[in-house]
Enquirer: 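I am attaching a structure below and will ask some questions about it afterwards.
Side chains included, hydrogens not; waters and symmetry mates left out as well; all remaining heavy atoms used. Residue numbers start from 1 in every chain, and the chains themselves are labelled A, B, ... in the order their sequence lines are given, proteins ahead of strands. Computed from a predicted structure; not experimentally measured.
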Amino acid sequence: MSIPKIVTSRLGFDDSFTMDRYIKTGGYQALRKALKAKPEEIREEVTTSNLLGRGGAGFETGRKWSMLRPNPVRYLVVNGDESEPATFKDRMLIERDPHQLVEGTLIAAYAIQATQAFIFIRGEFALGLERVINAVNEAYEYGAIGENIFGSGFSIDLVVHPGAGAYICGEETALIESLEGKRGFPRIKPPFFPAAIGLYGDPTVVNNVETMSNMPWIVNNGGAAFASLGEGRSTGTRLFALSGHVNQPGNYEVEMSKSTFRDLIYNPEYGGGVRRNNQVKAIIPGGASAPWFGPDQLDLALDQDAVAKAGSMLGSGSIIVMDEETCMVRAAWRIARFFHRESCGQCTPCREGSGWIDRIMRRIEDGYGREEDLDLLMDACDNIAPGVSWPPAQTTICVLGPSIPSSVAWSIRMFRDEYLIHIKEGGCPFR
Amino acid sequence: MSDSSEKFNISIDGIECEANAGELIITACDNAGVHIPRFCYHPRMKPVGMCRMCLVEVSGPRGMSLAPSCYLQVAPGMEIVTDSEKVKKAQDGVLEFLLINHPLDCPVCDKGGECPLQDQTLAYGPGESRFVESKRHWAKPIPLSDLILLDRERCIQCGRCIRFAEEIAGDPMIDFMSRGETIEVNIFEENKFTSYYSGNTVQICPVGALTATPYRFASRPWDLEQVESTCMSCANGCRMVVQSSQDKLIRNLGIDSDPVNQSWLCDKGRFGFTANQSDLRVTVPLASNEEVSWKSAIDFVADAIKQAVDSTGPESVAIIGGSRLTNEDAYCWSKFARSVIGTDSVDAQLGDGLAPELVLGLPKATIDQACKAPLVVLVGPDIREEAPILFLRLKDAATNGQTKLIEVTPNATSLSKYATQSLFHRPGEQHVVISALVSPQELKPPTQGAPIQPVAGVDVDDITLARKLIQENKDAVFIVGRPSMADSEEILTESVSQVVANMSEAKFLTLLRRANTHGALDSGLAPGCLPGRTTLDLGKEHFTKIWGKVPATKGSSCTEILQKASRSELKVLILLGADPIKDFPSKKLALSAINSDTKIVSITAHMNDSAKLSDVVLPATMFGEKAGTTTNFEGRVSSLGKKVTAPGQSWDDWAIAVTLAMRLGGDLGFNSLEDISEEMEKYVPLYRNLKPHIWESSAQKDGIVLPITGESVKPRWIDPIATPGISSLTHHRVALRDSNDNTLELDTGKTSEFQVLRFEPHQGDLKIPTLDAYSLRLMAPRRLYDAGTHDGPASATEELPSILNLNHYDLDRIGASTGDRVKVVSSTGEHVSKVALDDSIAKGTALIWFNLKANGDEIGASDLIGVGELVTDIRLEAI
Amino acid sequence: MGLLNGFKVTLAQTIRPRATVQYPKVKKAKPERMHGRHVLNRYEDGMEKCIGCELCAGVCPARCIYVRGADNPPDHPVSPGERYGYVYEINYLRCIHCDLCVEACPTEAITESKLFEFSFSNRDQAIYGKEELVVNDDGTPKKLPWEDWRKGDDTNTSGWMRATSPNGSKDNEGRVHWSGELGYGVRKPEKNQSGELVEQ
Amino acid sequence: MARFTTENLEKASEIISLYPEPRSALIPLCHLAQAQDGWLTPEAIGQIADLIGLSPAEVKGTASFYDMFHTEQVGEYLVGVCTNISCMLGGAYELLEHCEDRLGIRCGQTTKDGKFTLEEMECMAGCDGPPCVTVNYRYFLGLDNSKFDQLVDDLESGRLDEEVPKHGTVFRNARQGGLRANKGEGQTK
């Protein structure tokens, strides 16, 4: 295949994270180019590229920028708090190509004329933090950050902010709260849309690490070149994090819309097939909060809209493959447990509901389930996200609430028999 | 919430109604009489949308969807559905979730019976639990402070307490800890929740998670009785309900009174009822500390008065005190003193207050007016220590409102954080700063080009900035009070003179310490004053007609009375709930007066230092045990409720006066409380139209500011979930609609009978002695909790030692360090005290909190203060 | 004939067995569900069941019960949990033995024995306090000198058949809701009750 | 111990200067305190509160929200085993059981010698090598039972000292100096 590597071009080098290698491979040229253009030209390029946010929600980056409220102070915050289960693409970009991230951030900061930029990196990424901080220090020395960058008259400071271990801080308003030194409680929207009232009450753009890493390429090659890749709204390439029962789990950059889930799982260049040549039982196409797909949907294209139409989402671009030897109750329970542990505790349905669902699921898995538990689970799910449908309705401040029912409800819908076996046999048949 | 008066139509459950722009859906529904269940929402705090109980269906761009009504604002044409199946299921679901981890120990829980969670579960919740797993467990109640206990199992994480502490009180000593299902409210290690306002968190807790030790397990809601009343812990006059069980006061709860306390109470007021049950209560008449009958006690007092009047004239009988009394008591005593004894030597203040002409004669501002004013100038003490709820109101005005705040104080106060400008001046030189701020002349250097010297220790730049603000806001509200007991009241009078002379539009709020001082002054319990805010000269004619007799000349003030007593020129001194030994600024004078030949009669509810040395002690009823009205420092009259029977043989103060009068051959003409209020209404123009039935009308539950302007007060609908525990109050709008009595036939306060007292600015020239390099100027401010007998035993704060506090510079100068003993020399003599370091105190200044309990090597501020001195300067010597 | 007609009823009655007995010389057995003087029960470990919640006082139509709760002393707890009945008084001059207190009690602390024969010579005596009401260590009621206890008066106290349907569900009808492990007085089911002890 | 060293105090004020509002420095300062002491001591919380103008309760409340801050002492090596979905599919629970046996402690406990604390982690973004194990946030991917034993041996013998810094130290480098760009008009709030 001859699709360009947009964000993973340097990953073949062992020293991909160094300034040396970065400069040798054309680093900071895009920033120079961008600084010569007008900010609105850069914004135009990005709008043309139709780059969708790579964080999960998939919102057009250009449109997000255009919604910023006019204000003397504007902030750019890069969301590197990657904690979605089975998502590990940002960690790779942070650890292996920090300069690309820094350059992308600076381009974006220039484009939106930010007054200060922050890169929020998940606290657990110790190596990543060290490398990005180094990259930022080097970039300061190089003159790429700070006052009058490359003599362009544009000045900005870039602060690397470590997180401290809370999944919820990936939610943009929680991330802003956390960056303000508060508990990572998501804010209520309205009125706290970051573009209007964000960090310290000023308009703020929050973008994902992968989104930022795409910036240098877009500036170098133009938005149109980016838009020519992929199909429809899903343009460019995208990093997919493939994990679970595949022979070669890993991050793979593929052109959007052109491949299918099957390609990704079975292509020897990518997943290399399912372990022990087993059959695929189910896949989770976009992180823990996404509804599940069965084997019949493997031929769906890796296209944001196509997947949405099929009733799920590409989300953060992580694909979890489960083969026929997997206990679906256990898999669904583990995801429910994750949300239980990561609920921030603000809204009642999420705080209490996640714990309850965790406990019921565990009971079923341990063999103490009752048949009425299935209806109970569905009803509890319905109370957290009325309708238990996709996209979910919400009774909570943020979307973590409606994410809880997803794995539970879909596993019950798809594998009700397996639940009943657990209940009738008093335990897990896979153990 | 915006003040915009724009109105538009919305539909609630299919019924069209009007809503104000910027209003929250939940408020609009409340106004329409549709109740939406809620837990975290509190009308006095910012919405957070945490509990999700208030979900309703709202029309939006994507059709009808569930949305929390507590933070969404109404929009024109909005459709709101509060009773659809979808909404009911959501409410049911949220309650089921809340009950998952909530223990069902309602029979043991203090909230059981008045619990919003119980009530709303019954109304909106599931009938049965589907939860079979085990609940979350925490250690049962943990103390957050000596007063507040927390049961984390019962907590539903609504965050009301935390938000109150941070948002309203500004004391963020509690916070959420941990995350998710294990989230808990807690304090940091050993830092107790020692806020003055901690009791409010108990009141607003929608479950029994926070309980207060004085009420813990003491009663159940169904055996409580309640009466509306007004707090008499300070002169702020907070509205509250007083609850009792088995004829014992058991709990006070704040009423959401819009113009006064907005549902908050300070801990002193909230737990003040414990003073009613104090061991220090006097329950029988005592003569020479022996129990006697009322008859012989009255005989003794009457004989003493008669003898004194006969031998040395009526002015040899004097009365001090009156702030504990109701307005009716005060009027009765005023009449008794003037018409029966014939003395004008009556003083409700103890030399620690403000001159009557300041309190009665200045153009007044209400709390509300102060909080809406563009500029408030605080001239005086730390108001958190003197009027804690006024502090909350001002803090709110400064942080959430448009009010700018300038403080002119000797030291940093609790308001400094929120003030636009803080001018910390040398104690005793306040009037110099005020003069620089308000006078038409700008500050000028002594000679051309020379730098301008600081004014009383205040930086010139600060003065200039503050001056600019004041000159721009000529209608500023001045809050004035005594910053320190060591400064003479003349200093404040001088400051006020400066303001009045230069700013004709300025209004004043006069801070008074004790509860009904204002009412006592209104009733003429001050030398040279007569009821209705008039003077002896102006009102003599009128009151001679009514009372038959009024003294010819002005009597003595408290200081003069004590001086006369110490010189044995006084025969009888009646202490009307006063304790000069504790409260008079100079202890030396108070002691020598009480220990003199003068016969001392103490009419008191508690055995205090002065009562112990009195010849006769008469037991009086106190707050909660008597009805009547009281007047706060705004001049707002509000009603007092009688809830319990007074212990032992205590009498109402008015009854004591009536009996004494009869024994002395006079007749005050009163047989009941109603008789007194009737006479006051009839003959004192100030109280005109203040008929008893007014207190029954819901429109005036917040009290009425005198003089009555005829402005009608719109009562609030009181959210029962915001303040659980108060059984239905007639503040409810429903009740108002029903009432069609003509209570608002109130007239203007103009008087046809006599002229009222007006404050005339003095052209005084105070000569404050210059502070010499070897001396320190004493500052003796008061704290909320002091050694006064009115305090309940439950105190949220640690006890401070009564010792000398100095900054490190002065401490080094005498070569002492914290804990050392030093010799203190003042005009009253030599004393020994421990010292402590406090760098918030300015150089050259020493601070002792006034009237704290002094033990061992400690010193009371009143030991050092002399009489008739403008300021108190002291010298220190190392021992 | 006419004469006898008039005596017909009387004569018919004279040959019937007598319904009255020579009380107090003769005493009839008391009905199973007789409500008499209260007892305050204990758990088997001696702890009092009363938690001082005042629900009995709240529900009492005669207002004859006075309860005050207090914090359990941590070293010598009187009842399990935080709170115990510090004061418990019943005024028998007012009590109507309606058993509503028994229904209201969340811990089955108060039940009624079948004793009704007690009289007082002064009003104070009519007010029973905890001293009189709390059962002995072996779970039997205290028998006070002025009370006339008969065999069976202290067994089958009323709690055993209280609340046939505690939460209003008909499923509970006919089931014994005396909690099995709760101390003194585990009862056999009454006639027509299923006899299944509900698990706690 | 407990209070910041002079050097760290300097770092602390440097960190505070990076942000428009001091409160933002809360998390970095807690990291700094933890790097110094291994856990977040009450004294450190008190000092951080002073530095950024909050009450200690607020600092503790905020810090306790985050998993990485320990308000009680933990072991020198914080061994985290991810058991989230991808790692679970890769046998994480089986490995976790082995870890418990090998270290002789249950999940969440600390060994008696204070060396190891075992924790069950949520997804650490190491899904390409399940099960993912981290020691003081340094990754060891694709471990099986014997490789884990080897890892424990290496840690105990100090062979990994370079690679795995002492507990609490998340990152070993920091930004030097404060802000360099001119604070624009709007930026000083």
Enquirer: For S178(B), is it the side chain, the backbone, both, or neither that has a heavy atom closer than 4.5 Å to a heavy atom of chain A?
Expert: backbone
Enquirer: Please check: side-chain N/O of T348(A) versus main-chain N/O of C51(B), any donor-acceptor pairing under 3.5 Å?
Expert: yes
Enquirer: With ring-ring contact (aromatic ring centres under 6.0 Å, His included) as the rule and sequence neighbours excluded, what pairs involving residues 373-402 of chain A come up?
Expert: none
Enquirer: Sort by residue number and list every residue of residues 327-346 of chain A having at least one heavy atom under 4.5 Å from chain B.
Expert: H340(A), R341(A), E342(A), S343(A), C344(A), G345(A), Q346(A)
Enquirer: Non-hydrogen atoms of chain B under 4.5 Å away: do they reach the side chain of R362(A), the backbone, both or neither?
Expert: neither
Enquirer: Taking R363(A), E372(A), Q394(A) one by one, which has the highest count of heavy-atom pairs under 4.5 Å against chain B?
Expert: R363(A)
Enquirer: Show, in sequence, the C-alpha distance, side-chain angles and deciding distance for R136(B) and E352(A), and conclude whether the side chain to side chain contact (heavy atoms under 4.5 Å, CB included) test is met.
Expert: CA-CA 10 Å; R136(B) 175 190 65 200; E352(A) 306 291 349; 4.3 Å; yes
Enquirer: For chain A, find which of R179(B), E96(B), K86(B) contributes the most heavy-atom pairs closer than 4.5 angstrom.
Expert: R179(B)
Enquirer: Can you give me the closest heavy-atom contact between G49(B) and C347(A), atom names plus distance?
Expert: O-SG, 4.5 Å
Enquirer: Measure distances from L55(B) to the heavy atoms of chain A and classify the residue's part below 4.5 Å as side chain, backbone, both or neither.
Expert: side chain
Enquirer: Check this for me: K404(B), atom NZ, are more than 12 non-hydrogen atoms of other residues, nucleotides or ligands nearer than 6.0 Å?
Expert: no
Enquirer: Indicate yes or no: at least one non-hydrogen side-chain atom of D358(A) is less than 4.5 angstrom from one of E133(B).
Expert: no
Enquirer: Just give me the residue among V94(B), T182(B), I156(B), L98(B) that pairs up with chain A most often, heavy atom to heavy atom, under 4.5 Å.
Expert: L98(B)
Enquirer: Okay, side chain of R359(A), backbone of F131(B): is any donor-acceptor separation there less than 3.5 Å?
Expert: no
Enquirer: Using only atom types and a distance under 3.5 Å, with no angle test, would you say the side chain of R52(B) pairs donor to acceptor with the backbone of T395(A)?
Expert: yes
Enquirer: Taking 4.0 angstrom as the limit, do R130(B) and D379(A) come out as a salt bridge?
Expert: yes
Enquirer: Checking Y368(A) against chain B: side chain, backbone, both or neither under 4.5 Å from a heavy atom?
Expert: neither
Enquirer: Between I360(A) and chain B, which part of the residue has a heavy atom less than 4.5 Å away: side chain, backbone, both or neither?
Expert: both
Enquirer: Of the backbone (N, CA, C, O) and the side chain (C-beta and beyond), which part of F176(B) lies under 4.5 Å from a heavy atom of chain A, both, or neither?
Expert: both
Enquirer: With a 4.5 Å cut-off on side-chain heavy atoms, are N383(A) and K89(B) touching?
Expert: yes
Enquirer: Just how far is it from atom CZ of R351(A) to atom CZ of F97(B), taken to the nearest 0.5 Å?
Expert: 11.0 Å
Enquirer: Which pair of non-hydrogen atoms, one from L66(B) and one from P386(A), has the smallest distance, and what is that distance?
Expert: CD1-CG, 3.8 Å
Enquirer: Around E189(B), counting heavy atoms of other residues, nucleotides and ligands shown, do more than 12 lie under 6.0 Å from its CD?
Expert: yes
